[in-house]
J.: 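What follows is a structure written as C-alpha cells; I'll ask about it next.
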There are 2 protein chains.
Amino acid sequence: MPRPAKHHPERGDARTRLLDAARDVIRAKGFAATSVDDLCKAAGVTKGAFFHHFATKEALGVAAAAYWAETTSAFFANAPYHRLDDPLDRLFGYVDFRKAIIDGDPAEFTCLVGTMTQEVYGSHPAIRDACAASIFGHAATLEPDIAAAMAARGIEADWTPASLARHTQAVLQGAFILAKATGGREDALDSVDHLKRYLTLLFSQTRSKGNPHDGR
Amino acid sequence: MPRPAKHHPERGDARTRLLDAARDVIRAKGFAATSVDDLCKAAGVTKGAFFHHFATKEALGVAAAAYWAETTSAFFANAPYHRLDDPLDRLFGYVDFRKAIIDGDPAEFTCLVGTMTQEVYGSHPAIRDACAASIFGHAATLEPDIAAAMAARGIEADWTPASLARHTQAVLQGAFILAKATGGREDALDSVDHLKRYLTLLFSQTRSKGNPHDGR
DNA sequence: ACAACCATACCAACCGTTCGGTATGTTTTT
DNA sequence: AAAAACATACCGAACGGTTGGTATGGTTGT
C-alpha cells in the first residue's frame, strides 16, 4: 500500500489525481463501465502511472472507497453543526447539512460507495467490503449524538442508536437513487424531509407507545 | 416488439429465458460486468438467439427494466393485503409484504431497476429512463391508499401522498444497499421497521404540528 | 547511485456485434 | 391439397475494436 506521496505533496500526485478522477467518473458511469484509460485520461496521466500505484483495477476500486471514506470523514468532521450544544440539534444539523450538499448534478452529490456497493456486489467482494466499511463507519459517527439525545430526553425506545443511524444512511442512499432516476433533486430533498419529520416525531415523545400496526 | 411466440409456448421462450437470466445475473454482477455470453450461458441459449431478440445489449437492459415492471406489478397486484378494508391497513400490509420478501440472498430480493439506475446513470440514459418509469410507476400505486388514509383520519399535512409514496421506495432502495453491503438482511429489515414506525407516528396525529427543528 | 515515479509501446484475452446458415411453422398460390 | 413463398426462431463461427495488464526505458528527487 504505497503512501500518498509524503515527500512532495504538489508533485507525485498522480495517485490522488487518479482517485479524484475515479470518484467523479465512477459516480457517473459506474465502476465496470469506467475503463482504466478513462481514468487515466480524466486524471491526465498514463497507464504507466496507473499501474505503478495500483496493482489492478480492482485495487483502485478498493483504494477509491478508502479515499472516499477518508475525505468524507474529514469533510463532515469539519462541518459547523458539530459546534451546537444540544446533541439533538447536532443530529438535525447533520441532516440539514446533508440536504444542503444535495446540489448540482446527481453525479456530484451522490455517494460513490453506495453506487459501487450495488454494482460490484457479487463480482468484486473486496470493493464491496471497502464500501461497506465506509458506509457503516460513517453511520457510526452519528451514534453518540443519537444516544445522548435519547438520554437527555428520557427516550425509552425499541430501536437502538445504531439502527437509527443506519436508517439515516438508507434514506440518503435511497434518495440518491431517486435523484439519479429523475436527474433532479426534488425527490431526494423530499425524502430527506420525511426523514427529518420522522426524527422530530421520534424525539417529541417521551416514551415509546405500542405500534398499533405492529402485528408481527 | 416481437410477440412472445403464442403458438408454441415451449419453444420460442428464448426471449423470456434471457430476461429471467438478466434479472438474476445483473442483480448480482451489475449490468456492465454482465457480458452477453454470461446471459446466454445462464439462459441456455446462444448469441444468435440473443441478437435475434435484442438489437443491442442496451436494448436488453431496457427490455429487462420493462419486464421487471410488468412482473412486479402483477406480483404486487395479486398480494393479499389489497383485500383489507382500511386503506391504512393496506399501506401497512404493503410494507409488511415488502418485509416478508426480504429473504435469502440479497441478489434475490433486491431491486433490479434500482441497481441499474445507479450504474447506468450517465452511460445508458435509455435504460435509466426505463428504470425510472418502473420505480415511479410502482410508487404511484401506493398514492390512492395513502390519500384515502389521510382523508379518513383528517390528516392535514405539509407532505403529499406522492412524496410519501416515493419516500417508501427510497427507504426500500436504501435498505437494499445496506443489505448488499453486509450480505445480510438485518439492517434492511431494521430500516423498514423505522419506516413502519414513521408511518405509525404520521397517521396517529390528527393535525400536523409545527416542526421545532424546521428552521429553513 | 539508487529508488520512486511516470511515459511509451505493446500484447493477449475478451467484448459486443455481424452474418451465413438451418429448422420449423405460416400464408399464399396454383 | 400440394407446392411455393415467406416469416420466425435460433445456431455458432468469425471479426474488429477495446480492455486490463506488462515490459521497458527515461526522468526526477535524495
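Just so it is clear, the values below take in all heavy atoms, side chains as well, and ignore hydrogens, waters and symmetry mates. Naming: A, B, ... by sequence-line order, numbering from 1 per chain.
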J.: What is the distance, rounded to the nearest whole Å, between atom CZ of A:Arg15 and atom P of C:dA7?
T.: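 The distance from CZ of A:Arg15 to P of C:dA7 comes to 16 Å, rounded to the nearest Å.
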
J.: Counting heavy atoms from C-beta on, name the nucleotide in C:dA7, D:dC10, C:dC6 closest to the side chain of A:His53.
T.: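 In terms of side-chain proximity for A:His53, the closest of C:dA7, D:dC10, C:dC6 is C:dC6.
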
J.: With the side chain of A:Phe51 defined as its heavy atoms from C-beta on, choose the nearest nucleotide among D:dA14, D:dT22, D:dC11.
T.: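 The nucleotide sitting nearest to the side chain is D:dT22.
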
J.: Closest approach to the side chain of A:Thr46, judged atom by atom: which nucleotide of C:dC6, D:dG21, D:dC11 is it?
T.: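 The closest nucleotide is C:dC6.
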
J.: Below 4.0 angstrom, N of the basic side chain to O of the carboxylate: do B:Lys99 and B:Asp96 qualify?
T.: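 Judged by the 4.0 Å cut-off on N to carboxylate O distance, B:Lys99 and B:Asp96 do not form a salt bridge.
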
J.: Please report the distance, rounded to the nearest Å, between CG in A:Asp37 and P in D:dG17.
T.: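 Taking CG of A:Asp37 and P of D:dG17, I get 16 Å after rounding.
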
J.: Indicate yes or no for a side-chain donor-acceptor contact from B:Arg27 to the backbone of B:Leu112 under 3.5 Å, with no hydrogens or angles considered.
T.: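 Side chain of B:Arg27 to backbone of B:Leu112: no pair is present.
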
J.: Starting at the 5' end of DNA chain D, which residue's closest nucleotide do you reach first, A:Ala55 or A:Asp38?
T.: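 The residue whose closest nucleotide sits nearer the 5' end is A:Asp38.
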
J.: With nearest nucleotides of DNA chain D determined for A:Ala32 and A:Gly48 from heavy-atom distances, which residue corresponds to the more 5′ nucleotide?
T.: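 Result of the comparison: A:Ala32.
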
J.: Taking the side chain of A:Val45 as heavy atoms from C-beta outward, which of D:dT22, D:dC11, C:dA7 is closest to it?
T.: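 Comparing D:dT22, D:dC11, C:dA7 against the side chain of A:Val45, the answer is C:dA7.
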
J.: Using a 4.0 Å heavy-atom cut-off, does A:Ser35 contact any base of the nucleic acid, only the sugar-phosphate backbone, or nothing at all?
T.: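 Sugar-phosphate: the residue A:Ser35, judged by heavy atoms under 4.0 Å, touches backbone atoms but no base.
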
J.: What integer distance in Å separates A:Arg17:CZ from C:dC5:C1'?
T.: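 Going from A:Arg17 (CZ) to C:dC5 (C1'), I get 13 Å.
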
J.: Okay, side chain of B:His82, backbone of B:Phe76: is any donor-acceptor separation there less than 3.5 Å?
T.: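 Judged by distance alone, yes, a pair lies under 3.5 Å.
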
J.: Quickly work out the B:Phe54 CZ to D:dC11 P distance and round it to whole Å.
T.: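 Going from CZ in B:Phe54 over to P in D:dC11 covers 14 Å.
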
J.: To the side chain of B:Ala49, which of C:dG16, D:dC10, C:dC6 is closest?
T.: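 For the B:Ala49 side chain, the nearest candidate turns out to be D:dC10.
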
J.: Rounded to whole Å, please give me the gap between NZ in A:Lys47 and C1' in D:dT22.
T.: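 Taking atom C1' of D:dT22 as the reference, NZ of A:Lys47 is at 10 Å.
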
J.: Roughly, in whole Å, what's the span from NE2 in A:His124 to C1' in D:dG20?
T.: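 That distance rounds to 11 Å.
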
J.: Any side-chain N or O of A:His52 under 4.0 Å from OP1/OP2 of C:dC5?
T.: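 Yes.
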
J.: Which label fits B:His167 and A:His194: parallel for a plane angle under 30°, tilted from 30 to 60°, or perpendicular past 60°?
T.: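 Aromatic pair B:His167/A:His194 classed parallel.
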
J.: Calculate the interatomic distance between B:Asp13 atom CG and D:dC11 atom P; express it in whole Å.
T.: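 Between P of D:dC11 and CG of B:Asp13: 10 Å.
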
J.: Can you tell me how far C1' of C:dC15 sits from NZ of B:Lys41, to the nearest Å?
T.: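 Taking atom C1' of C:dC15 as the reference, NZ of B:Lys41 is at 12 Å.
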
J.: Has the side chain of A:Lys57 got a donor or acceptor atom sitting under 3.5 Å from an opposite partner on the base of D:dT19?
T.: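 A donor-acceptor contact between them is absent.
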
J.: Between B:Tyr94 and B:His138, what is the ring plane arrangement, given parallel below 30°, perpendicular above 60°, and tilted in between?
T.: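 Answer is tilted, since the angle falls between 30° and 60°.
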
